[in-house]
Every structure is written in structure tokens, then in C-alpha cells.
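Let me begin by presenting the structure, written as C-alpha cells, before commenting on it.
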Amino acid sequence: MHHDDAFIPYTGTTFTTEESAQRSLDYFNFHNRRRSVREYSDRPVPLEVIEQVIKTAGTAPSGAHKQPWTFCLVSNPDTKKAIREAAEAEEYESYTKRMSDQWLKDLEPFGTNWKKPFLEIAPYLIIVFKRAYEMVDGEKWQNYYVNESVGIACGMLISAIHNAGLVTLTHTPSPMNFLTKILDRPDNERPFLLLPVGYPKEGVQVPNLERKNFDEICQKYD
Ligand code: IYR
């Protein structure tokens, strides 16, 4: 059933208790300063850094290891402009007609609106596509747990971006089928998330938010 090299030794590192405690604390403290940033500097970002963070996202677990994701990396100014214009057209409709009063009220603390200049200013846009199925010899092979898999990969991507000293934002223009068109994606792919990536605009401010405390997010069963 298995060929000889179907399994190999696990090479991940384990740590002493003290090292584990320190590393988990350091990791939390570093991530606790991550924020979604909506205003970007046009300072260039080295391509190899962006490629590396995408590689990290690609290490995510996925249903049956199908890796059902494609990360489109956009730096071309014309493409960014096309994406901005299409996103703003949809967002204008959303903000002025489609979103409920309650939704608009819930967004007030973030100061968002239909204008999305970051789509042109940020040096890179990463548009994540989920792959619902693969075409194999003209046949459709369904992928598994696609939303979970791609969601996890996006979480790892955000973590890797923060680790590299860059900022991002999980932008969700809605509907976002315009991305399929502009980026000429195949039928088996659907846009999942759009992330501008870059350095923060100098002196940028972010909403004064508080995170839930530990007892609010964790229920222990010991
Ligand atoms: N997609 C819109 C609206 C929006 C919705 C939620 I929920 C947010 O947390 C933030 C924005 C936009 O990107 O502006």
C-alpha cells in the first residue's frame, strides 16, 4: 500500500520548557503589535522578501495536501490601477446601497469608505485565489476543505508579512469576480482575499482597538 519512501523522519525542532515559554511569549508580543494598515508608503519592497512570505504561506496544511491556492503577485502599475478602479466601483455600490445601516455603523471606528488608494500606492498586491477543483486529463477533481485550507494559508501569509516588518490589510472588495477577469484566472479559481503589502505610510495612525482578553477567547476543560 505504501512505497518505501512514503514516510520520512520529522525534522521540526523541539525546545526545552524554558525555551518554549520564552519563544511563545516573544511570538505573542510580536504578533500583538500587528495591525491592519490602510495607508501605505510607496517605498519599494524587495521582491525576494515578498516571494519568501508567499513561500511561507505555501507551507500551510491543506485538505489531502491539495494545496488549493494560487497567490497572484501584482506590482504592475497599470494592473494595480485597473484593480483599484474596479474595486472602487464595487465598493461605491456597497457603501452607498448594499451594506446595511448596522454594518456601516459597525465600520465607523475604522474610518473606511469606498476609496481605496492603497491599491495603487502599496508596491505589491497579493490576490489569493482558492482552487475549487483541479482539471486532470479533462476531468474535474474536487479539492477538499478549500476555504479552511486557503484561510489558514492566508493567516500564515499575514504572520510572515508581519515577521518581515511589512504591513498588510485583508481587503474584501465585494463582489470580487472582477479580479478573475483582470488577472485572467482559470475557471477552477475563485478570488478569496486581496492583500496590499508594503511599508506603512510615515506617521500612520490605526484605530484604537482593544483585543479580547484570554478568558474571553479561551474556555478551558481540564
Ligand atoms: N469591503 C469593504 C467593507 C468592509 C467590511 C468589513 I466586515 C471590514 O472589516 C472592513 C471593510 C471595504 O473593504 O471597505
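Order of listing sets the numbers, starting from 1, for every ligand and every atom in it.
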Query raised in the report: Side chain of S94, backbone of S174: donor and acceptor closer than 3.5 Å?
Result: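 Judged by distance alone, yes, a pair lies under 3.5 Å.
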Query raised in the report: Any side-chain hydrogen bond (donor to acceptor under 3.5 Å, both in side chains) pairs touching residues 142-157, not counting sequence neighbours?
Result: K130-N147, E134-N143
Under 3.5 Å, sequence neighbours excluded: what are the donor-acceptor pairs made by side chains of residues 115-122?
from : atom 1 : to   : atom 2 : distance (Å)
K116 : NZ     : N113 : O      : 2.9
E120 : OE2    : R84  : NH1    : 2.9

Query raised in the report: Under 4.5 Å between any side-chain heavy atoms of L166 and V45, yes or no?
Result: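 A side-chain contact under 4.5 Å exists here.
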Query - Within the 6.0 Å centroid threshold, strictly below: W114 and Y95 - result: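 Centroid separation for W114 and Y95: 6.0 Å or greater.
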I'd like a table of the close N/O pairs between ligand 1 and the protein (anything under 3.5 Å), one pair per line with both atom names and the distance.
from     : atom 1 : to   : atom 2 : distance (Å)
ligand 1 : 1 (N)  : E91  : OE2    : 3.1
ligand 1 : 1 (N)  : T172 : O      : 2.9
ligand 1 : 1 (N)  : T172 : OG1    : 3.4
ligand 1 : 13 (O) : E91  : OE2    : 3.1
ligand 1 : 13 (O) : H171 : ND1    : 3.0
ligand 1 : 14 (O) : E91  : OE2    : 3.1
ligand 1 : 14 (O) : Y95  : OH     : 2.6
ligand 1 : 14 (O) : K116 : NZ     : 2.5

Report task. Would you mind listing every salt bridge (charged side-chain N to carboxylate O under 4.0 Å, His left out) that reaches into residues 174-189, with sequence neighbours excluded? Result ->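 Qualifying pairs, neighbours excluded: R131-E189, R185-E189.
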